[in-house]
Each structure stands twice: as C-alpha cells, then as structure tokens.
A.B. asks: 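Here you go, one structure.
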Amino acid sequence: MGLRKLIAEAESLLREAGVEDPKIQLSKSPEYGEISSTVAFQLARPSKKNPLVVAEELMRSIDLSNARLVASVEAVNGYLNFKVDWNKYAESILREIFEEGERYGSSRIGEGKQVIIEHTSVNPNKPLHIGHARNTCLGDTIARILKFLGYDLIVLNYIDDSGTQMADVVLGFSDLGYQLDPPENMRFDEYCGDVVYVESVKRAEADPVLAEKRRQIVKEIESRSGKYFELNKLIVERVLRDQLKTCWRLGARYDVLNMESDVLEYRLWDEVFEKLREKNAVYYAGSGPKTGCWLLDLSGHPVLSREGDEVLVKSDHTTTYIARDIAYAAWKLGGTSKDFTYEIFGQNPDGTEIYVTSGNGSTRLKLSKIEKVINVIDVRQRRPQEIVKYALGLLGLQSEKYIHYAYEVVALSRSDAEKLGYPPDPDQQVIHMSGRRGLYVKADQLIDMLRDRAAEEVAQRHPDWDRRRVEEVAEKIAVGALRYSLIKPDIDKMIILNTEEMLKLEGDTAPYLQYTYARACRILEKSDSQISTKPPDNLTEDERTLLRRMTYLPILLQEFGENLLVKPIANYAYKLASDFNNFYEKSPVLWAEESVKSFRLGIVKAFTIAFGNVLRLLGIPIIELM
RNA sequence: GGGCCCGUGGCCUAGAAUGGAUAAGGCGGCGGCCUCCUAAGCCGCAGAUCGUGGGUUCAAAUCCCACCGGGCCCGCCA
C-alpha cells in the first residue's frame, strides 16, 4: 500500500519513540523526504526547549530496524523528515493501484450511510442558463464522489411547477397569442424562456388587467383543475424534458423528481405546523404590522434574531414559500409521517430510472439511516436556508445533517452582457443574469460554442476523420471544458463569465486533462512489452513525483467525505496531469531499455487508472484519442 | 442600519477548515524545444509590500480586531 501505510508506519515509529500525538504532514518539497512531522515544535513549547534540539533527540530515539518503507529520519530546522526506500515504496504504490483498479482512491467510509442530495431545481419555465449549470455540475460531481465512496445516494431534483413564474408562461400561451409549438430550430424550453416568459413579464408589468389575469391563473393552477391547470401541466412536462436533455448533456443524472404541486398534496405543512405549535416555535400576531400572521420565533437564534421573526402563514391563511420549504426539509430528515408515491418518469442515459411524484404511483423511497441532506442552492438563499435549518432544530430534528451547499452565482462580464444587448453602466464590472429579463447565457448555447471551437481543432489534427467522429470528440471536449471551469473555482467566489476566455483549450482546462489521458493511452497502445511493478535501481525525479501524486488520491477523497469540497479534487486532477506531462517529456517509455521500460509502462498504466478515476468523478468525459 | 461573502504578479486562480521550511499555477508578454511515445505539450525569462493598519505566536496569505474596496441578503414574493 502507498501513502496511508507510510503515514501509519511513521506514526508508529514516533509513538515508539514516546510521542503521544504524532502529527504527520506531507513534505513541502522532496528534499524534505515524503512526509514530515512538526511534533518537535509542539513538544518544545511547554518545556521551553529549543525545537531544533528536541527534533535531534527524537531523531536519535527512533528505531528504524523494523521499518518497512521508511528508510531514514532526519531532523532539519526542527522538522522530522521521513525519507522512504523508493524501491519498495514505488512497488507498493503500483501494486495498490493495480489491485484496486477502478476502485482506486475509494474507501468504504460511506458504507451503510444514506445521503440525499438535491441539485439543479430549475423552475420549469425556461432553459438552463450557465448559472444553473454551475449548480448542476457541482451537485453531480458531489454525487459522483459520494457514490464512489460507497454512500447510498439519492439524487433529487425539485421542480417548482406552480407559482407566478409558471403563470407568466401560461398567460403567454393563453392570452398573448403564442402558439404551443416553438419556431423551427428552437427547443420548447428555450421558446418558453427566451420568448414567451420574457414577453409575458413585460406585458403584465405594463398592464394591470394582465397582471390580474395572471393572479387568477396562479390560483387555478393551485386548485389543480381547469384549463389553465391542464395547460400548465403540459408546459411543465415539456420544459422539464428539455431541461433534462441539457442536464444529461452535462453528464448529470437524477433518481427522483419531486414536483412541488404533488408535494403540496401531501399537506406536509399541516403536520409540521402542528408540531411547531406544540413546541411553541411559532406564534400568532394579534397586533402590529404582521397582524393575522403566524410567525416563526427566531429570538433564540444568535444572528437571525436581529432581523425579526419570519412569517410562515400569511394573514390570508396561505403559506409562505419558506414554510413549505421547512415542511419539505422536515420530510428529507424523516420528520414527517407522510411518504410520497412515485412512478417512472423516464431513464437517465446510464439506464437507471428516474421517478417522479405521482398520486397514482406505487413506488416509495426507502429513506432510513440518513447521514446527510445536501441542498445545492446559490448563496443568495443563505438566510432563508438558515431559517429552515433553525426551524428543523426547533422541531427536534437533527438539523446538523441539513446542509445548505451554498455556491456563488455566475455573472456576466461587460463584454458578454454587451453581446446580449445589455449596455452596462460605465463602472459596472459585474452584470447579474436575469431570467425575467431574458438576460442570460444558456448552458447549451455555451456548450455549442465550445463544441464548434473544439471541432475546428479536432478536424485540423485529424483530417482523415469524418464529420461524425470529429463532432463526437468535440462534444466531449466541450462538456469537459464547461464542467471543469464551473467546478474548479472556489464555491465562495463568483464566476464572471468570459466566453472568450472560456473558449481557450490550453493551459489549466479540461482539454488539457483529456489530452494528457489520451497521450498515456497511446503509449500503452503502442507497446507490446510486459508491464512491471518492479522499479529499476534508480528512479528519476519525474517518476517519483508522479508516483507520489498518485498516492494522494485516497486521502484526498477521504477528506472530501468530510468537507465536500470539489475544488481540491479538480486541482488535484490538474496537478496529476501536469506531473504526467513532465514525466512524459523527460522519461521516455517506449525506447527505454527493457527493465526500465516495463516499469515505466507500469507507471503509465497506473496513471491511466488513477487519473481515469479522477476524471470520471469530475464528470469530464474520457477521450482515448484526440 | 444589521448580517454574510470576497480582496494573492497586468488578468484569472491555487495555497486558508488542521498557522510551519524558498507564496504555486494558468492566461497574456518575451525567448527556446518536434529525424524519437500526439507541440491541446515541455523548458526558460520578466512580473507579488498576499487590500490597509494593528494584535496573538518561536512561526501568519492562513488565527483575532479595526478599517478600505467590491458583491449579496434583510417582503404577509418565490
């Protein structure tokens, strides 16, 4: 085994030398060995000794006679640096990778634990824009990794199929003369979002009669019968099926679609409201500006209490969306007695089934042993999500399991806003997208642009390929490029879309990763020699660097189980690729002498396994020839 | 007014949860490397008072406080 075994060995050596809590870290530079410890600093502190002296003493008291991987320990500047026997270490790394294959990097930390993750959740009245794509790509990547770690995962997509945003579109079709069939070459979701919705919003804002009509439509949709209700149902289904095409194109998959209208049927709120009243978490406002409302008592919350209590039931007895969200969240944590029924909606590209809530359905989800509920929702919902979480606590549920996975939005650069016909103010650097105003870049639109750009490049490199083959590879490059650029930045940082910049296929991009993988494949393909895990007498620095990087994967993924941060994984993918390219440049494989060659083939093979696993986790399509 | 987030070379970012040994990449600029595993690659050069000022510490980009700049949230909308 690789790094984990090495760390365990170093820890046990330190314990034998009398250190209670051996703190091991990866060395910052190879000259400091593979791993290092700063225990000397900790030990020196209370005794006021010199850390350098403590380190020296520790070094001398470490007994290496039974060590397997550790070859030497050196005290340098107070650090204890562990160097390994690279011959043994290299072989153990390769063996581990070959033994575990497609499972390499996984551990069983998720076994027997259930996780719910909800992502995408785009209103079914428009196509996905690039901001929604960030949500989908983050959510899907988290799902892929958790699945890999052995978690029993359920992927939800919440569909808000009622409310004003739907009524806007319905109004367009019913009263503004729009035909249900989109123009030539336009998808239905684009037609609804780009044309009908935008126009309808504009008209209703200007015309009180239309605004009133829209209110009636909202009510009728909620009543679950009548021609507007039926029309809405039709629109929702058609838009949703188009949206899913985009999601699938991005590589995402879902288990369950929870339709808001169906969820409301179960009257979760009534039950949750009852419990909130029992717990004295809500109260009725008999006077003041909120007279007639039921409010959630936030006085016990350190921060939220400063902004006043939250209305859950309005004076007209209808619920606010946050009330419905609390009820729905309670369901996710198993805090309601109701159990939705489902029927099959369709299939994901991988062949698994997607279920949708349905009164006539007979399938039920098996929610037990829930470990975490992850809700991928942009950062603007931080406050409401915090309220939901707090309410779950008041209900006596395990609110710490409820995670708002908040990510910053995608905004437009000045140049992209201008391209969309929006003139930014002189000092405006960031332009926020808006569905209502039709100011957004569609996810498909951007993938198409990327695909066309990539196709030029592919065709140039492979003049003998037919158009179909070129397009196929270009599509994979485009999807990879988009996914990578959306999951790589810190979730706390806004992405300011710059399509010019994004169309580049060099440097720290997914095409670089894909290309690196393809290069490795070619070496294996062209060789008919034996693959070996036995290193020659001396390893080159590039070989060591690459091997070393590969050993990080299991630990990195283990950390993911705790922090759910996608970024470090994307970062790791780049470094791993970069290390391979260095190796590729400096350590020839196919024309090395036989013993070196078979070992290097082993490294290349191991690289394709480890790197392939990482690419799959990130949802970056693998291309063997590009 | 209250709260949250961000601020690292010209531009974009990593490093920050667990403080540690010379701050790491990409883009752009300049200069190199294909008779040999795909040059979507590799190497070199130039370019950083890690927003500012204090503090804690043997040690701060990282922790604490204040301030400055930018963004977001605070509706009987969702």
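So you know, we letter chains A, B, ... as the sequences are listed, proteins then strands, and number each from 1.
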A.B. asks: Check every atom of B:G41, B:C72, B:A14 against the side chain of A:Lys567 and return the nucleotide holding the closest atom.
C.D. replies: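 Within the option list, the nearest is B:A14.
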
A.B. asks: Does a donor on one side chain and an acceptor on the other come within less than 3.5 Å for A:Tyr517 and A:Glu624?
C.D. replies: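 No, A:Glu624 and A:Tyr517 have no side-chain donor paired with an acceptor closer than 3.5 Å.
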
A.B. asks: Establish, with yes or no, whether the OP1 or OP2 oxygen of B:G3 is under 4.0 angstrom from a side-chain nitrogen or oxygen of A:Arg306.
C.D. replies: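 For B:G3, OP1/OP2 do have a side-chain N/O of A:Arg306 under 4.0 Å.
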
A.B. asks: Please compare A:Arg383 and A:Tyr321 by the position of their nearest nucleotide in RNA chain B and report the one closer to 5'.
C.D. replies: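 The residue mapped nearer the 5' terminus is A:Arg383.
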
A.B. asks: Return yes when atom NZ of A:Lys83 has more than 12 non-hydrogen atoms of other residues, nucleotides or ligands closer than 6.0 Å, and no otherwise.
C.D. replies: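 Yes, the 6.0 Å shell around NZ holds more than 12 heavy atoms from other groups.
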
A.B. asks: Given B:U38, B:A14, B:C27, which nucleotide is nearest the side-chain atoms of A:Glu501?
C.D. replies: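 Taking heavy atoms from C-beta onward, the closest nucleotide is B:C27.
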
A.B. asks: Across the strands shown, which category fits A:Ala406 at heavy-atom distances under 4.0 angstrom: base, sugar-phosphate, nothing?
C.D. replies: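 It contacts nothing in the nucleic acid.
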
A.B. asks: Between B:G26, B:C76, B:C37, which one does the side chain of A:Asp508 approach most closely?
C.D. replies: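 Of all the options, the side chain of A:Asp508 is nearest to B:G26.
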
A.B. asks: Closest to the A:Glu307 side chain: B:C74, B:A78, B:C37?
C.D. replies: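 Among B:C74, B:A78, B:C37, the one nearest the side chain of A:Glu307 is B:C74.
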
A.B. asks: If the threshold is 4.0 Å, N to carboxylate O, is there a salt bridge linking A:Arg382 and A:Glu386?
C.D. replies: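 No, no charged N to carboxylate O under 4.0 Å.
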
A.B. asks: Decide ring pair (Phe, Tyr, Trp, His ring centres under 6.0 Å) for A:Phe273 and A:Trp294; before the verdict, give the C-alpha distance in whole Å, the side-chain angles of both, and the deciding distance to 0.1 Å.
C.D. replies: CA-CA 10 Å; A:Phe273 186 44; A:Trp294 281 89; 5.2 Å; yes

A.B. asks: Under 4.0 angstrom, heavy atoms only, what part of the nucleic acid is A:Val39 near: base, sugar-phosphate, or nothing?
C.D. replies: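 Nothing, no heavy atom under 4.0 Å.
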
A.B. asks: Which part of the nucleic acid does A:Leu625 contact within heavy-atom distance under 4.0 Å: base, sugar-phosphate only, or nothing?
C.D. replies: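 A:Leu625: base contact, heavy atoms under 4.0 Å.
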
A.B. asks: Nearest to the side chain of A:Glu457 - B:A40, B:U38, B:A78?
C.D. replies: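 Selected nucleotide: B:A40.
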
A.B. asks: Measuring only the C1' atom in each nucleotide, how far is B:A66 from B:G31? A whole number of Å is fine.
C.D. replies: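 My reading of the C1' atoms in B:A66 and B:G31 gives 47 Å.
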
A.B. asks: Using whole Å, what does the distance between atom P of nucleotide B:C77 and atom CZ of A:Arg214 come to?
C.D. replies: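 My rounded result for the distance is 14 Å.
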
A.B. asks: Name the pairing partner of B:C77, where a pair is Watson-Crick or G-U wobble with both distances under 3.5 Å, or state none.
C.D. replies: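 Because no pair has both required distances under 3.5 Å, B:C77 counts as unpaired.
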
A.B. asks: With rounding to whole Å, what would you report as the distance between B:C65 and B:G29 at their P atoms?
C.D. replies: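 43 Å, rounded to whole Å.
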
A.B. asks: Look at all strands and tell whether A:Lys526 reaches a base, only sugar-phosphate, or nothing, counting heavy atoms closer than 4.0 Å.
C.D. replies: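 The residue A:Lys526 makes sugar-phosphate contact but no base contact.
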
A.B. asks: Does B:C67 have a Watson-Crick or wobble partner in any strand here, with both distances under 3.5 angstrom, and which is it?
C.D. replies: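 With both distances under 3.5 Å, B:C67 matches B:G51.
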
A.B. asks: Determine the Euclidean distance between corresponding P atoms of B:C67 and B:G1; express it in Å to zero decimal places.
C.D. replies: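 Approximately 11 Å lies between the P atom of B:G1 and that of B:C67.
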
A.B. asks: With rounding to the closest Å, how many angstrom separate the C1' atoms on B:C58 and B:U13?
C.D. replies: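 Nearest-Å result for B:C58 against B:U13 at atom C1': 32 Å.
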
A.B. asks: Side-chain N or O of A:Arg380 versus OP1/OP2 of B:A78: is the shortest distance under 4.0 Å?
C.D. replies: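 For B:A78, OP1/OP2 do not have a side-chain N/O of A:Arg380 under 4.0 Å.
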
A.B. asks: Among the candidates B:G41, B:U38, B:C4, find the nucleotide nearest to the side-chain atoms of A:Arg382.
C.D. replies: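 Closest nucleotide to the A:Arg382 side chain: B:C4.
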
A.B. asks: Check every strand shown and say whether A:Val303 touches a base, only sugar-phosphate, or nothing at a heavy-atom separation below 4.0 Å.
C.D. replies: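 A:Val303: backbone/sugar contact only, no base atoms under 4.0 Å.
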
A.B. asks: Is it true that, when you exclude A:Glu400 itself, more than 12 heavy atoms of the residues, nucleotides or ligands shown sit nearer than 6.0 Å to its CD?
C.D. replies: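 Atom CD in A:Glu400 is packed in, count exceeds 12.
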
A.B. asks: Scan every strand shown for a Watson-Crick or G-U wobble partner of B:A21, both distances under 3.5 Å, and answer none if you come up empty.
C.D. replies: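 Pairing partner, where one exists within any strand: none, as none qualifies.
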
A.B. asks: Side chain of A:Pro588, heavy atoms from C-beta onward: which of B:C6, B:A21, B:C37 has the nearest atom to it?
C.D. replies: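 Among B:C6, B:A21, B:C37, the one nearest the side chain of A:Pro588 is B:C37.
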
A.B. asks: My understanding is that a pair needs two contacts under 3.5 Å, Watson-Crick or G-U wobble. By that rule, which nucleotide pairs with B:C36?
C.D. replies: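 Result: none.
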
A.B. asks: If I pick the C1' atom on B:G9 and the same atom on B:C50, what distance separates them, to the nearest angstrom?
C.D. replies: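 That atom pair is separated by 10 Å.
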
A.B. asks: Could you tell me which non-hydrogen atom of A:Leu14 sits nearest to which non-hydrogen atom of A:Leu80, and how far apart they are?
C.D. replies: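 Looks like CD2-CD1, 3.9 Å.
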
A.B. asks: Closest approach to the side chain of A:Glu506, judged atom by atom: which nucleotide of B:C27, B:A78, B:U38 is it?
C.D. replies: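 The nucleotide sitting nearest to the side chain is B:C27.
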
A.B. asks: Salt bridge or not between A:Asp378 and A:Arg380? Use side-chain N to carboxylate O under 4.0 Å.
C.D. replies: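 A:Arg380 and A:Asp378: salt-bridged.
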
A.B. asks: Quote, to the nearest angstrom, the C1' distance that separates B:U56 from B:G19.
C.D. replies: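 These two C1' atoms come out 11 Å apart once rounded.
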
A.B. asks: Which is more 5' along RNA chain B, the nucleotide nearest A:Asn581 or the one nearest A:Gln165? Just name the residue.
C.D. replies: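 Its nearest nucleotide being more 5', the pick is A:Asn581.
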
A.B. asks: Taking pairing as Watson-Crick or G-U wobble with both contacts under 3.5 Å, can you name the mate of B:G28, or confirm there isn't one?
C.D. replies: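 By the stated definition (distances under 3.5 Å), nothing pairs with B:G28.
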
A.B. asks: Would A:Asn498 and A:Ser413 count as having a side-chain donor-acceptor pair, cut-off 3.5 Å?
C.D. replies: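 No.
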
A.B. asks: On a whole-Å scale, what distance lies between the C1' atoms belonging to B:C34 and B:G28?
C.D. replies: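 Result for the C1' pair: 25 Å, nearest Å.
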
A.B. asks: Are A:Tyr32 and the base of B:A21 stacked, counting only ring centres nearer than 5.5 Å and planes tilted under 30°?
C.D. replies: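 A stacking contact exists, since A:Tyr32 sits close and nearly parallel to the base ring of B:A21.
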
A.B. asks: In whole angstrom, give the distance that lies between atom NZ of A:Lys504 and atom P of B:C11.
C.D. replies: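 Roughly 15 Å, once rounded to whole Å.
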
A.B. asks: Distance between the C1' atoms of B:G47 and B:C4, in whole angstroms?
C.D. replies: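 Per the computed distance, 35 Å lies between those C1' atoms.
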
A.B. asks: From the options B:C27, B:G71, B:A78, select the nucleotide whose nearest atom is closest to the side chain of A:Arg324.
C.D. replies: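 Selected nucleotide: B:A78.
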
A.B. asks: Which of these nucleotides, B:G26, B:C5, B:A14, is closest to any side-chain atom of A:Tyr574?
C.D. replies: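 Closest nucleotide among those given: B:G26.
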
